[in-house]
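Reviewing the structure listed below.
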Number of protein chains: 2
Amino acid sequence: MRARIEDVAAAAGVSIKTVSRVFNREPNVREETRLKVEEAARQLKYRPNSSARSLAGRRSYLISLLYDNPSPNYVMEVIEGVLAACEQAHYGLTLRPIDFSRRGHVESVETLIAQYRPDGLVLTPPLTDDGPLLRRLREMDVRYATISAKRDNAGIGATLDERAAVADMTAHVASLGHRRIGHITGHRSHGARVWRLAGYLDGLRRSGIEADPELVVEGEFSFESGIAGARRLLDMDDPPTAIFGANDDTACGVLYEAAARGLKVPEHLSVFGFDDTPMSRQVWPSLSTVRQPSREMGRIAAQQLLNAIAGHDPARMVRVPYQLQIRHSTGPVPQG
Amino acid sequence: MRARIEDVAAAAGVSIKTVSRVFNREPNVREETRLKVEEAARQLKYRPNSSARSLAGRRSYLISLLYDNPSPNYVMEVIEGVLAACEQAHYGLTLRPIDFSRRGHVESVETLIAQYRPDGLVLTPPLTDDGPLLRRLREMDVRYATISAKRDNAGIGATLDERAAVADMTAHVASLGHRRIGHITGHRSHGARVWRLAGYLDGLRRSGIEADPELVVEGEFSFESGIAGARRLLDMDDPPTAIFGANDDTACGVLYEAAARGLKVPEHLSVFGFDDTPMSRQVWPSLSTVRQPSREMGRIAAQQLLNAIAGHDPARMVRVPYQLQIRHSTGPVPQG
DNA sequence: CTGTTAGCGCATTCAT
DNA sequence: ATGAATGCGCTAACAG
C-alpha cells in the first residue's frame, strides 16, 4: 500500500542505494539520475519511514527540547523556532518539560535519552546552567545547544546581550529625568537575573547615577513577584519614579499594583520590562521593554545543533541583536 | 555498549521472545520467568529501542498533536495535558503546527503520517471542524481525538459545554442590571464562535432581554479585533453597558480600548471573556471569564485516543465541567 | 558515479 | 509456556 524505497528504485530504474543517496543529499549522484529518482518518489508519494531510517542509521533523526519555564509564550516561541529548523533538516522534535526544582530531573533526562536516543538536545534557561545536568550530558556524550545560557562564551546555541540591552534601556529612562530607578530582579537560578541586574547597574553608572541598594528587591520572573516587589518599592519613604521589572511578567505585576493604588503610568510612575511578550502590547498602558527574538533564538540554536550533528559548518554560539521597544509605560519624571 | 534484547535473554537464560513477552505484558509467561527477566533487564539497564520496536511492530508508539491556534497559552496547556497522558502510556508526542488558511494543509498532514506513522492524532480547533482534513483521515484510516469540536456528539475526545457556560455568565451579568450587553464574536472557522454566540443569546433570553443584532459585531478571537469591536460598540448612540469578548484576548482588547478612552471598568463598562488565560488575572481590572480546563482537556483527549489505540475501555467523547470566574471587570450597571 | 550484501533490534509467525 | 526462524525498511560498508 505505502511506497517503499525499493518501489521508488524500481520505478526510477536504479538501485535502492541511489534512492537513499538522493534522499540523504549524499554526493555522487548525477543530476539526471537525481531528477529521475525525485520524479518517481513524487509519483509514488514516497516518504522514508523514520523508524527504519533510525534503526539502520543508528541515529534517531530526532532532537529534544528541554524546558522548565513558567512562561508559555516563551516556550511556544522557542518551539516554533526549533520546529522550523527541524523541518528543514528533516528532523523530528520531542519535548521534555523538566521540573528543575525537583530531585531526579537528571534521571528524567537520562530516561528520555535511553528511550528516544535524540541526536541532540536544545536547552532553555535555567536548565542551561544546571551543573549536574550538563555534566551528565557530557559524560553520556550527548550534544546540546543552549539558549541564553549563563556562560555564553562556550558551547553552541544562541544568546542575546541582555546586559547591554538593559543598560541601554535604563540609560534611556534616566535620560527622561529619572534618578531613582528601582529594579525587581529575576529568579536566582537564571543567568538572566545576573545579566539584567548588571545591565541595570551599568545603565545607572553610565547616566551618572549612584546605585541605591535599597532600590533593588528580589523577584522571580513572575507576575506575583512584580506585585510584591512594587509594594515594597512604592511603600518606601522616598519611592522610585521608575521601576524595571526583570521580565514582562514582573513589569505587568508592577502595572497592576500601580493601577490598584490609583497611580497613573507613566505620569506618576514609569515601568519597563524585558522580553516583549504579547502581553506587553496588550496591557494599558503598553509596556516599554526589550525585544528578545525568542523564536529566532530557538531556530538558531536548533540550527547550530543540527549543524554539529551533521558535521558541516562548524557550529558556534550566535549572538542575536536586541531592540528597545519604547511604548507608553515610560515617560518623563514627574515634576516636584 | 547498550544492552539489547538478546543480552537480556542471555542473562536471564531465556529466549528473546520471552523477554519480548515480558516487556509487552503478553500472557503465557510464568511468574518466575518474568521475575528473572525483569531482574536481568534492570541489571543491564535495558531500554527497548523504539525505532526497532516501531519497525518490527508496525506501530510508532507515537501520537501527533495538530494545532493552528494563535494563542500560545492555549496550545501550551493542551501540550502539557497530552504529554501527561503520553508519558503514562509510554507514548511519544510529535507536534504539527498547521497553517489552516493555506492550501496544502491536508497534504502536510499526509506527509506527517507517512513519515512518522503516528498511531493517532489529537486535533484542536479549528482543525477539528475541517471537512477535507477529517475526510482524508478517515480515508487513510487514521484515528483521531478532538478537543472542542463543533460536532461534539460524535467521535472521541473532550468537550466543554461552552454554550451553557456563556449563557450562565451572560445571565449573571444581566442580573447585575445590565440590559444592553454587546458581543464581539469569534472567528468564523471555529465552532466556539457558534457555541458562544448561541450561549450569549440564551443568556439574554433567560434574562428576559430581547437581543439587539446591532450589539453583535464580528471579531476573530484576537486582541486587535477586541479593540476594533469595542470601538464600534462604544461609538454607538446607545452603547452597551457590558461587553462579552468571545475569548480573553478579545476581552482584553476591550479593556484596552476602554482605558484608552478613560472609561472606567467596571464603573462605566463591564467586560467579560472566555478561557481564563493567565492574562485574565494579570490585567487591571482582572477579567471575569469562564474557566476552560485546557490542560485537562488535552489529557483526556489523548487518554481517549490511547484507549482507542490499545483497544481497551471503549473510548468516548468526554464532557468536562466549566466554571465561572467572576473577578473585577464586571459590576453593577451604571446609574442614569 | 552506481549497485550488492549485510545487518540495525525487535515483533511475529509457527513450532515445540 | 517457550523458542527458532523470518523480515520490517532502511543505511552502511564495500565492490564495481
Side-chain angles (χ1 to χ4, degrees), chain A residues 1-38 40-41 44-62 89-92 114-117 119 309-311, chain B residues 1-38 40-41 44-62 90 92 113-117 119 309-310:
Chain A
M1 130 120 224
R2 169 104 176 307
R4 294 161 308 167
I5 193 170
E6 66 182 69
D7 301 326
V8 178
V14 299
S15 75
I16 62 170
K17 179 58 196 166
T18 300
V19 178
S20 172
R21 283 201 179 89
V22 170
F23 269 80
N24 294 300
R25 297 189 169 73
E26 283 173 40
N28 295 340
V29 181
R30 258 195 327 207
E31 188 57 22
E32 185 188 327
T33 314
R34 165 185 311 281
L35 292 175
K36 258 195 322 198
V37 170
E38 285 173 347
L44 296 171
K45 294 192 174 193
Y46 169 68
R47 298 281 182 283
N49 177 315
S50 43
S51 301
R53 252 164 66 105
S54 305
L55 185 57
R58 285 104 180 274
R59 308 169 52 179
S60 61
Y61 296 94
L62 217 58
H90 298 285
Y91 256 72
Q115 197 169 356
Y116 294 103
R117 315 278 161 146
D119 295 338
I309 290 170
Chain B
M1 132 121 223
R2 167 104 172 307
R4 293 161 311 167
I5 195 170
E6 66 181 68
D7 301 326
V8 177
V14 297
S15 75
I16 64 169
K17 179 58 198 168
T18 300
V19 179
S20 174
R21 284 201 178 89
V22 170
F23 269 79
N24 293 302
R25 295 186 170 74
E26 283 172 39
N28 295 340
V29 181
R30 261 194 324 208
E31 189 58 22
E32 184 188 325
T33 315
R34 168 185 307 283
L35 291 175
K36 259 195 323 197
V37 170
E38 285 173 346
L44 295 171
K45 294 192 173 190
Y46 170 69
R47 296 274 182 289
N49 177 316
S50 42
S51 302
R53 249 162 71 105
S54 306
L55 185 57
R58 286 108 181 270
R59 304 173 52 179
S60 61
Y61 298 93
L62 218 57
H90 297 286
I113 291 169
Q115 196 167 357
Y116 293 103
R117 314 280 166 130
D119 295 338
I309 291 170

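Keep in mind that this is a model prediction, so the values were computed, not measured. Reminder, nothing fancy here: chain letters follow the sequence lines and each chain counts from 1.
The heavy-atom pair separating Leu44(B) from Ala11(B) by the smallest distance is CD1-CB, 4.0 Å. Between Arg34(B) and Glu26(B), the shortest heavy-atom contact is NH2-O, 4.1 Å.
Relative orientation of the Tyr46(A) and Phe23(A) rings is perpendicular, given thresholds of 30° and 60° on the angle between their planes.
Residue contacts for Tyr46(B): at a heavy-atom cut-off of 4.0 Å it reaches the sugar-phosphate backbone alone, with no base atom in range. Counting any heavy atom pair closer than 4.0 Å across all strands shown, Arg59(A) reaches no nucleic acid atom. Residue Pro48(A) is in sugar-phosphate contact alone, with no base atom involved, counting any heavy-atom pair closer than 4.0 Å across all strands shown.
Look at Glu31(B) and Lys36(B) and you find no salt bridge, because none of the NZ, NE, NH1 or NH2 atoms lies under 4.0 Å from a carboxylate O.
Toward the 5' end of DNA chain D, the nearer of the two residues Thr33(B) and Glu6(A), judged by each one's closest nucleotide, is Thr33(B). Looking at which nucleotide of DNA chain D each of Arg30(B) and Ala52(B) is closest to, the 5′-most match is held by Arg30(B).
For the pair Lys17(A) NZ and dA6(C) C1', the computed distance is 13 Å after rounding to whole Å. Across the protein-nucleic acid pair, Arg47(B) atom CZ and dC8(C) atom C1' stand 20 Å apart, rounded to whole Å. Note: CD (Glu26(B)) to P (dA11(C)) measures 8 Å, nearest angstrom. Spacing between atom CG of Asn24(B) and atom C1' of dT12(C) amounts to 11 Å, rounded to whole angstrom units.
Which of dG9(C), dG3(D), dG3(C) sits closest to the side chain of Leu55(B) comes down to dG9(C). Here the nucleotide nearest the side chain of Ala56(B), chosen from dG9(C), dT11(D), dG3(C), is dG9(C).
One finds no side-chain N or O of Ser15(B) lying less than 4.0 angstrom from the OP1 or OP2 phosphate oxygen of dA4(D). Remark: Asn49(B) is not in phosphate contact with dC8(C), judged by side-chain N or O atoms under 4.0 Å from OP1 or OP2. Arg53(B) has no side-chain polar atom (N or O) that falls below the 4.0 Å cut-off from OP1 or OP2 of dC10(C). Contact annotation: Ser20(B) does not reach the phosphate of dC10(C) (side-chain N/O to OP1 or OP2, under 4.0 Å). Put simply, Asn28(A) has a side-chain N or O that comes within less than 4.0 Å of OP1 or OP2 on dC1(C).
Applying the 3.5 Å distance criterion, the base of dT11(D) shares no donor-acceptor pair with the side chain of Arg58(A). The base of dG3(D) lies close enough to the side chain of Arg21(B) for a donor and an acceptor atom to sit less than 3.5 Å apart.
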Worked check of side-chain hydrogen bond (donor to acceptor under 3.5 Å, both in side chains) between Arg47(A) and Tyr116(B): CA-CA 9 Å; Arg47(A) 298 281 182 283; Tyr116(B) 293 103; over 6 Å; no
